[in-house]
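The block underneath contains the structure these notes are about, expressed in structure tokens.
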Amino acid sequence: MPEVTGAGIISAVMPELRKKYPFDQIEPKWQQHWLANKTFAANDDAAKPKLYVLDMFPYPSGAGLHVGHPEGYTATDIFCRYKRMRGFNVLHPMGWDAFGLPAEQYAIDTGTHPSITTKKNIDTFRRQIQMLGFSYDWDREVDTTDPEYFKWTQWIFLQLYKKGLAYEAEIPVWWCDGCKAVLANEEVNADGTCDRKGHKEVYRRPLRQWILRITKYAERLLADLEHVNWPDSIKEQQRNWIGRSEGAEVDFKTETGDALRIFTTRPDTLFGATYMVLAPEHPLVEKFKNPAVDTYRSAAAKKSELERTQLEKEKTGVFTGGYAINPVNNERIPIWVADYVMMGYGTGAIMAVPAHDTRDFEFAQKFDLAIRTVVQPPTGIEPQGFTGDGISVNSGMLTGLPTPEAKKKITSWLEEKKLGKATVNYKLRDWLFSRQRYWGEPIPIVHCAKCGTVPVPENELPLRLPEMKDYSPSGNAEPPLAKATDWVNCKCPQCGGAGKRETNTMPQWAGSCWYYLRYIDPKNAGAFVAKDKEKYWMSVDLYVGGAEHAVLHLLYSRFWHKVLFDLGHVSTPEPFTRLINQGMILGEDNRKMSKSWGNVINPDDVVREYGADTLRLYEMFMGPLEATKPWNTQGTEGIYRFLGRVWRLFCDEEGRLLVDDTAPDTKLVKVLHQTIKKVGADTEALAFNTAIAQMMIFVNELTAQDKRPRAVLEPFVQLLAPYAPHIAEELWQKLGHTQTLTHEPWPEFAPALLVENTVTIVVQVNGKVRDKLDVPTGITNAELEKLALASGKVQESLTGKTVKKVIVVAGKLVNIAAG
RNA sequence: GCCCGGGUGGCGAAACUGGCAGACGCAUCGGACUUAAAAUCCGAAGGAGUAUUAAAGCUCCGUGCGGGUUCAAAUCCCGCCCCGGGCACCA
């Protein structure tokens with residue numbers, strides 16, 4: 001049963017009336033033409049300047065394309081088409097980030113192999129994307145699940161492994177007894193239940209995992225953000241994620257003689273430490289034979305990360321009964337255990353300075369611990385709880401020093417006495433790289449009793465996934481692959497003895513870490529990319545995608561890229577020179593599009609009703625590319641009308657050409673040249689909405705005339721081409737051209753034609769417009785002032801006032817200050 | 001709590017380096033065409049007030065709020081409010 005909407009009824013009853021131009025014939029025609037002629041093939045060794053423009057490739061979900069996808073894709077497509085006309089050799093590829101959970105879940109439920117589901121979804125996505133007329137070079141399509149692709153994902157993993165950047169460790173992961181599976185952090189609810197099925201038995205258990213040493217690159221990942229042209233918000237998010245902080249490690253001793261090392265960013269407040277806090281997981285905690293500590297510790301182990309951070313605002317903790325000695329003044333201070341200190345950061349232990357740290361302050365107040373002021377804030381500020389820079393007080397040798405100097409002095413003192421040293425810490429953790437899943441790249445490692453972990457020889461790659469009948473988890477924390485015993489049992493590549501394959505697979509991020517490199521040389525069987533091609537095309541000049549990948553994808557791929565750079569496999573230290581985030585498209589009700597709101601717009605429907613050119617143009621006309629903006633079906637209607645008007649400038653109802661060779665009048669020529677100038681500049685700046693507005697002005701101007709001069713219509717088609725390529729190609733052909741306009745040169749505007757003879761000058765009195773004067777362009781300021789003062793209207797508003805000052809802005813306005 | 005964005009007509013928005021606020025589009029209203037409607041074309045329009053028979057007009061207000069700088073502020077500065085996004089006990 002078809003859904004009945006207002007528009008639906010009209011189109012069902014009177015489709016011929018809605019058809020303002022035959023987009024349904026034009027669009028498939030040109031899409032086939034472009035595909036068949038490989039119009040957008042990028043040539044590797046062209047003498048032209050190169051331009052690499054990349055879209056974040058999609059995960060081909062079963063739901064198909066939504067209107068958010070074409071937004072970024074249209075923006076890059078317009079830019080590419082424009083740049084081709086400007087003489088650039090453009091690389092503009094598309095592919096599929098196709099490993100992922102939904103296909104695996106579907107396989108568990110139905111037994112259908114994920115590769116079948118994936119292929120089907122890719123076909124749908126490809127069809128939908130091609131239906132929008134994007135100028136991708138389809139010969140370069142990549143698919144992360146293709147063994148010929150993931151062969152190289154595995155190869156890169158081995159390079160990381162050989163460089164010591166991939167290691168195994170037992171680390172705690174969330175395990176759900178009900179699902180018999182490992183859960184990701186975000187799959188665990190705040191109350192500790194399983195988010196998928198609501199199971200209660202969820203707990204942490206240590207599991208062997210593969211981990212990538214991204215922390216080794218923390219400093220460079222941070223520093224090199226300086227050199228990329230990315231939105232500040234994204235850079236800031238990455239900086240926060242990396243979380244560099246400078247401070248010092250200081251060695252305390254417990255009364256019983258154990259070393260207790262802490263990290264602090266405020267060594268200058270060492271004299272204000274009134275207690276110590278250990279994370280519940282800190283090894284020293286075991287030393288305290290104290291039942292309260294044991295109870296606290298096991299309770300903390302059960303809490304989820306969420307509970308310990310977001311929800312648990314109220315501080316908890318217990319006194320261990322032990323004391324530490326402060327190395328600067330030999331004071332005896334109590335040691336507490338509290339879960340507001342995390343084992344994973346710094347040393348998992350802190351000195352608490354409640355007077356100058358918000359968290360310690362809160363804790364000390366709750367447990368009635370001493371609070372000692374050691375930093376004097378600027379006058380007028382309460383010293384207790386003051387966390388900024390000030391002057392050290394009650395701090396022995398530091399007293400009287402401003403905070404930055406106090407930090408320096410105490411740090412060198414600690415270094416001298418071998419009690420501590422300056423240290424830099426990062427929030428960034430190593431990257432947990434393995435997943436207990438079937439549908440991912442197998443990690444190419446063999447475990448051998450004799451040789452340990454042994455890489456699969458490179459000439460045996462790709463290591464394919466085994467065929468399986470049952471994709472469900474085994475129930476004993478083993479990944480599904482463990483059940484494929486024929487596959488798991490193998491020879492050790494090193495000693496030839498019995499070996500077992502690694503059964504963890506890579507996370508979905510792996511394939512997307514380097515796909516932009518494969519596009520450059522997608523069919524190369526001997527290397528992931530040929531050196532000369534890489535050198536020609538890299539780096540990516542423009543990368544467009546959603547802000548949701550601000551940290552993970554963009555940080556992971558930068559990491560891999562830097563490793564490949566260090567190994568000499570790529571020639572640039574950063575992969576993406578310039579990054580733009582397209583804004584989100586909201587539903588007509590101003591809410592996020594979602595099935596539950598029933599406000600989802602399906603691009604298929606829009607294309608059926610109005611055509612791809614309308615969808616493209618509308619999405620660009622909605623507002624600035626980076627802004628979040630709501631969909632408005634009436635707005636698509638307006639764009640559709642615009643394209644209808646364009647069509648009717650060229651042909652009558654029977655499709656006969658109306659264009660003639662009459663000479664256009666000067667006004668029209670001027671509007672054309674203004675349009676060439678503005679559309680060019682705006683396209684260059686990715687300000688597509690205003691470029692479209694200018695094209696509308698041109699069309700309005702021409703519609704008002706009865707002449708249809710080829711001299712202005714032909715260049716206009718060229719301007720329109722990047723935006724609405726189907727209608728433009730069709731009109732170009734109708735104008736008698738036999739070649740695609742893809743490589744036609746972009747029209748040039750003649751500055752001479754834009755020069756005005758007269759200019760309208762605004763005359764203000766005290767900032768208010770009183771008159772407008774048409775004057776010759778070259779008029780001098782003195783003459784202009786004279787004319788302005790002579791104006792009757794100006795004189796009228798000056799009555800009873802004396803002129804104090806006259807400001808003349810050449811060519812723009814005169815403002816008379818009077819009182 | 002902290003860090004980024006953002007706030008302009010009924011709606012989406014535009015505005016160079018501080019220089020006529022509201023381009024362009026939507027919705028609305030009026031007109032032409034039509035037996036009628038649709039489509040198309042032409043035109044009006046920020047708000048309030050106001051003059052004349054009528055119209056063009058004229059006056060004031062107006063870019064989240066309150067101050068400031070300036071001949072001149074959507075734009076710069078200070079203080080707040082609201083919305084969106086991100087991070088969140090990182091010592």
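Scope of the values below: all heavy atoms of this structure, side chains included, with no hydrogens, waters or symmetry mates. In what follows, chains are A, B, ... by sequence order, proteins preceding strands, each numbered from 1.
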How far does the C1' atom of B:rU52 sit from the matching atom of B:rU59, given to the nearest Å? 16 Å

Answer yes when A:R261 and A:D251 have at least one side-chain N-carboxylate O distance shorter than 4.0 Å, and no when they do not. yes

Roughly how many Å is it from CD in A:E548 to P in B:rG84, rounded to a whole number? 18 Å

Does A:V759 form a side chain to side chain contact (heavy atoms under 4.5 Å, CB included) with A:D774? I'd like the steps, not just the answer. CA-CA 6 Å; A:V759 61; A:D774 284 323; over 6 Å; no

Would one find a side-chain N or O of A:R770 under 4.0 angstrom from OP1 or OP2 of B:rU59? yes

Residues A:K670, A:E701: salt bridge by 4.0 Å N-O rule: no

Assess whether a salt bridge exists between A:E219 and A:R244, defined as any Lys/Arg side-chain N lying under 4.0 Å from an Asp/Glu carboxylate O. yes

Atom CG of A:D682 to atom P of B:rA13: distance rounded to whole Å? 17 Å

Member of A:E626, A:E71, A:Q582 meeting the side chain to side chain contact (heavy atoms under 4.5 Å, CB included) criterion with A:V544: A:Q582

A:H356 NE2 to B:rA91 C1', straight-line distance once rounded to whole Å: 15 Å

P spacing across the pair B:rA55 / B:rG19, given as an integer number of angstrom: 36 Å

Is the phosphate of B:rA27 approached by A:R641 (side-chain N or O, under 4.0 Å from OP1 or OP2)? yes

Rounded to whole angstrom units, what separation is found between the CH2 atom of A:W230 and the P atom of B:rC4? 19 Å

If only atom types and distance count, is the side chain of A:R591 paired as donor or acceptor with the main-chain N or O of A:N599 below 3.5 Å? no

Any ion pair linking A:E281 and A:R297 (charged N to carboxylate O, less than 4.0 Å)? no

Does A:R648 make a side-chain N or O approach to OP1 or OP2 of B:rC41 shorter than 4.0 Å? yes

Classify the glycosidic conformation of B:rG64 as syn or anti, calling it syn when the angle lies within 90° of 0. anti

Expected output: side-chain A:T274 to main-chain A:A370 donor-acceptor under 3.5 Å: yes

Does a side chain donor of either A:T215 or A:D430 reach within less than 3.5 Å of an acceptor in the other side chain? yes

Working for side chain to side chain contact (heavy atoms under 4.5 Å, CB included), residues A:L617 and A:F642: CA-CA 10 Å; A:L617 219 51; A:F642 165 69; 3.8 Å; yes

Taking for each residue the nucleotide of RNA chain B bearing the nearest heavy atom, is the 5' side occupied by A:I816 or by A:Q237? A:I816

Contact string for nucleotides 17-23 of chain B, one letter per nucleotide 5' to 3', B = base within protein heavy-atom range under 4.0 Å, S = sugar-phosphate only, - = neither, reads --BB--B

B:rG9 and B:rA15: how far apart are their C1' atoms, nearest whole angstrom? 15 Å

Which whole number of Å gives the distance between the C1' atom of B:rC80 and that of B:rC71? 29 Å

Separation of atom CE in A:M343 from atom C1' in B:rC89, rounded to whole Å: 16 Å

Please tell me if A:K805 has a side-chain N or O lying less than 4.0 Å from either OP1 or OP2 of B:rC71. yes

When rounded to the nearest Å, what value does the distance between P atoms of B:rC42 and B:rA48 take? 28 Å

Would you kindly give the CD-to-P distance between A:E785 and B:rC71, to the nearest whole Å? 16 Å

Of the listed nucleotides (B:rA27, B:rA91, B:rC42), which one gets closest to any side-chain atom of A:T265? B:rA91

Among B:rA27, B:rA91, B:rC71, the nucleotide that comes nearest once only the side chain of A:V341 is considered: B:rA91

For A:R239 and B:rC4, is the shortest distance between a side-chain N/O and OP1 or OP2 below 4.0 Å? no

NA contact type, A:G346, heavy-atom cut-off 4.0 Å: base, sugar-phosphate, or nothing? nothing

Give a yes or no on whether A:D706 atom CG has more than 12 heavy-atom contacts from other residues, nucleotides or ligands under 6.0 Å away. no

Heavy atoms under 4.0 Å, any strand shown: does A:P231 hit a base, just sugar-phosphate, or nothing? nothing

Shortest side-chain distance from A:P624, nucleotide among B:rC71, B:rA14, B:rG85: B:rA14

Of the candidates B:rC41, B:rC71, B:rC24, the side chain of A:A817 sits closest to B:rC71

Looking at B:rG85, I'd like to know if its phosphate oxygens (OP1 or OP2) sit under 4.0 Å from a side-chain N or O belonging to A:N581. no

Calculate the interatomic distance between A:N632 atom CG and B:rA13 atom C1'; express it in whole Å. 12 Å

Does A:K804 make a side-chain donor-acceptor contact with the base of B:rC71, cut-off 3.5 Å? no

Does CD belonging to A:E653 count more than 12 external heavy atoms closer than 6.0 Å? no

B:rC41 and B:rU50: how far apart are their C1' atoms, nearest whole angstrom? 35 Å

Using whole Å, what does the distance between atom C1' of nucleotide B:rU40 and atom CG of A:L643 come to? 16 Å

Result for 5'-nearest mapping on RNA chain B, choosing between A:Y618 and A:K427, is A:Y618

Wobble G-U and Watson-Crick pairs count when both distances are under 3.5 Å; given that, what is the 5' to 3' dot-bracket string of RNA chain B, with | for pairing to other strands? (((((((..(((......[....))).(((((.......))))).(((((......)))))..(((((..]....))))))))))))....

B:rG62 versus B:rG22 - spacing of their P atoms, nearest Å: 16 Å

Touch class at under 4.0 angstrom, heavy-atom based, for A:N700 against every strand present: sugar-phosphate

What integer number of Å spans the C1' atoms of B:rA14 and B:rG25? 11 Å

